[in-house]
J.: 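The structure that follows is given in the form of structure tokens.
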Amino acid sequence: MAQLNTFFEQFLQKSSVFADKKALQSAYVPDNIMHRDVQINQLAHILAPCLRMEKPSNVFLYGKSGTGKTLSVRYTTDQILHLAHKENIPVRIIYLNCKLKKVADTEYRLIAELARAFGKAIPPTGLPTDEVYKIFFRALDQERQVVLFVLDEIDQLVKHAGDETLYNLTRVNAELKNAQVSIVGISNDVGFSDQLDPRVKSSLSEEELVFPAYNAIEIQDILRRRAQISFKPNAIEDGVIAKCAAYAAREHGDARRALELLRVAGEIADRKNKNVVTLQDLDDAEEKIERDRFLDVVITQPKQYQAILFAAFVLWEERKDSVLTGELYGVYKRLCGRLSLRPLTQRRVSDIIAELDMLGILTAKVTSKGRYGRTREIVLSLPSSLEGKIKSALEEELKLTTAESKEHLQQESPVQP
DNA sequence: GTCAATTCACATGAAAGAGACCACGGTCTAGTG
DNA sequence: CTAGACCGTGGTCTCTTTCATGTGAATTGACGA
């Protein structure tokens, strides 16, 4: 323990490249948002009526992840709330992220969560949904007020719960005497509105705002500004920020990733006891983020998913070429036998493959092989440097020994002529 | 050689079941005054 | 008499199965040049 003690002491004394890390964290709202003036202005114009107790139009915000949507909304609503508070205007803004599992990804949970925002205790399950609606309405209509619901990642909600929920929400106003409700929807998926029922679409997107991706120069601006706050002067080597921006711009202009990259690079430099962040640290950070991302996704998957993934690994390693659903299913079934796991039906496996695709671990493209059917061509989309690590992590998770997976491979080989 | 029909190997959809969790209301039990 | 324990009912949620239908192009086979 004495060692730990000195470790902590040293840690405290150790100098850091950071001055104040908070400006690099994703929850940070700067007082000056760069390159989003147009959108923020528009948004302000749209939402401003709520300060006069009028119902603002419903708004829809589109844009890829890391393009400042959430940030802009946060900023604008903060300002509105600030003023409303000062002038004593009854405006409420409720922010909800529909993507967070177990929070708002079904109709029941969404309404329950909204009702909770009004201080009502709603059990996580057990009540009929319309009962929750009633509670919610009552809470909402208690006083005269304008309420803005900000629904982040609204596409996730629709994907899981259908657009019925949204339709109900848009019609809330008809049932309310005192309160008025507007909806601000945020979506990463640009083609999302086409999936909506036309009725929902028209009432929900009275106004639309598009957030284009940042280009490399804009990301550089943003990084510079944040770096100024969070790093000590001269703690960053020349070119680091430019390269960081380039990385991020390559990945469809995601500013959040760029900031994360910069932060991790700083942490790596800290750990190496250096007082300057170098290009090398940045590269290390890139690799670390990538690795952590995949590893994290992989080990948090359920057993069945891991088994399927492992089957994909085995085939991929053997073949180094795309794997078809049927082949994968065969290997998976045998693997299940070894793991004394009840194999799922092919129908289910097919869905799971699609989900793994969504997670970005593999790429599954549906192709028709003509006479030889229609199937998915599955390709692992991991950087090859990570394949070994992830595979052994999977082995560990599934409690497979290397011998067992080898044995399994040998069984597999004679199948294909 | 051309063209439509056929066929494969799954993809994709819809519905429904299983099992876990939970609230609510009624009934029973034991402890209290 | 009352608080708490203990059902039964009815609800949601997730994962899964079952059954049904869809699908894109290589292949086939009939047809005409």
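Below, read A as the first sequence line, B as the second, and so on, with proteins coming before strands; counting in each chain starts at 1. Scope of the values below: all heavy atoms of this structure, side chains included, with no hydrogens, waters or symmetry mates. A quick note: this is a predicted structure, and the numbers were derived from the prediction, not measured.
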J.: Roughly, in whole Å, what's the span from OH in A:Y305 to P in C:dT14?
T.: 12 Å

J.: Who passes side chain to side chain contact (heavy atoms under 4.5 Å, CB included) against A:E208, sequence neighbours left out?
T.: A:F60, A:Y62, A:S205

J.: Quickly work out the A:E377 CD to B:dA11 P distance and round it to whole Å.
T.: 12 Å

J.: Choose from C:dT16, C:dC13, B:dC10 the nucleotide whose nearest atom is closest to any side-chain atom of A:R109.
T.: C:dC13

J.: Just how far, in rounded Å, is C1' of C:dG11 from CD1 of A:I135?
T.: 13 Å

J.: Please give the angle, rounded to 10 degrees, between the axes at the start and the end of the helix from B:dG1-C:dC31 to B:dG31-C:dC1, where five pairs define each axis.
T.: 10°

J.: With a cut-off of less than 4.0 Å, is there a side-chain N or O of A:R347 near OP1 or OP2 of B:dT12?
T.: no

J.: Using atom CG of A:L328 as one end and atom P of B:dA9 as the other, report the distance to the nearest whole Å.
T.: 17 Å

J.: What integer distance in Å separates A:Y332:OH from B:dC10:P?
T.: 16 Å

J.: If you draw the axis of the six-membered ring of A:Y28, does the NZ or CZ of A:R226 fall within 45° of it and under 6.0 Å from the ring centre?
T.: no

J.: Contact list please: residues 357-374 of chain A against DNA chain B, heavy atoms, distance less than 4.0 Å, in numerical order.
T.: A:V366, A:G370, A:R371, A:Y372, A:G373, A:R374

J.: Figure out the CD/P separation between A:E107 and C:dT14, and round it to whole Å.
T.: 13 Å

J.: With salt bridge (charged side-chain N to carboxylate O under 4.0 Å, His left out) as the rule and sequence neighbours excluded, what pairs involving residues 142-153 of chain A come up?
T.: none

J.: Distance check: side-chain N/O of A:T345 vs OP1/OP2 of C:dT17, anything under 4.0 Å?
T.: yes

J.: B:dC8 phosphate, OP1 or OP2: any side-chain N/O from A:T375 under 4.0 angstrom?
T.: no

J.: A:S350 side chain: which of B:dA11, C:dT17, C:dC13 is closest?
T.: B:dA11

J.: Distance only, no hydrogens: is a donor on one side chain within 3.5 Å (strictly under) of an acceptor on the other, for A:N188 and A:S65?
T.: no

J.: May I have the distance from A:Y108 (atom OH) to C:dG11 (atom P), rounded to whole angstrom?
T.: 13 Å

J.: How would you list, by chain and number, every residue that makes a side chain to side chain contact (heavy atoms under 4.5 Å, CB included) with A:A255, sequence neighbours excluded?
T.: A:Y214

J.: Under 4.0 Å between a side-chain N or O of A:T129 and OP1 or OP2 of C:dT12?
T.: yes

J.: Heavy atoms only, 4.0 Å cut-off, all strands: where does A:E131 land among base, sugar-phosphate and nothing?
T.: nothing

J.: Within a strict 4.5 Å, meaning less than it, do heavy atoms of the A:V59 and A:L43 side chains meet?
T.: yes

J.: List the residues meeting side chain to side chain contact (heavy atoms under 4.5 Å, CB included) with A:Q142, not counting sequence neighbours, and say none if there are none.
T.: A:K120

J.: At under 4.0 Å between heavy atoms, how does the protein contact nucleotides 15-23 of chain B? Give one character per nucleotide, 5' to 3', with B, S or -.
T.: ------BBS

J.: Can you name the residues that form a side chain to side chain contact (heavy atoms under 4.5 Å, CB included) with A:R138, not counting sequence neighbours?
T.: A:K134

J.: Run the salt bridge (Lys or Arg N to Asp or Glu O under 4.0 Å) test against A:K333 and tell me which residues pass, sequence neighbours left out.
T.: none

J.: Would you kindly give the NZ-to-P distance between A:K333 and C:dT17, to the nearest whole Å?
T.: 11 Å

J.: So, using side-chain hydrogen bond (donor to acceptor under 3.5 Å, both in side chains) as the criterion, who are the partners of A:K320 when residues are at least two apart?
T.: A:E387

J.: Among pairs that include at least one residue of residues 77-89 of chain A, which meet side-chain hydrogen bond (donor to acceptor under 3.5 Å, both in side chains), considering only residues two or more places apart or in two chains?
T.: none

J.: Identify, with sequence neighbours excluded, every residue that meets salt bridge (Lys or Arg N to Asp or Glu O under 4.0 Å) alongside A:D141.
T.: none

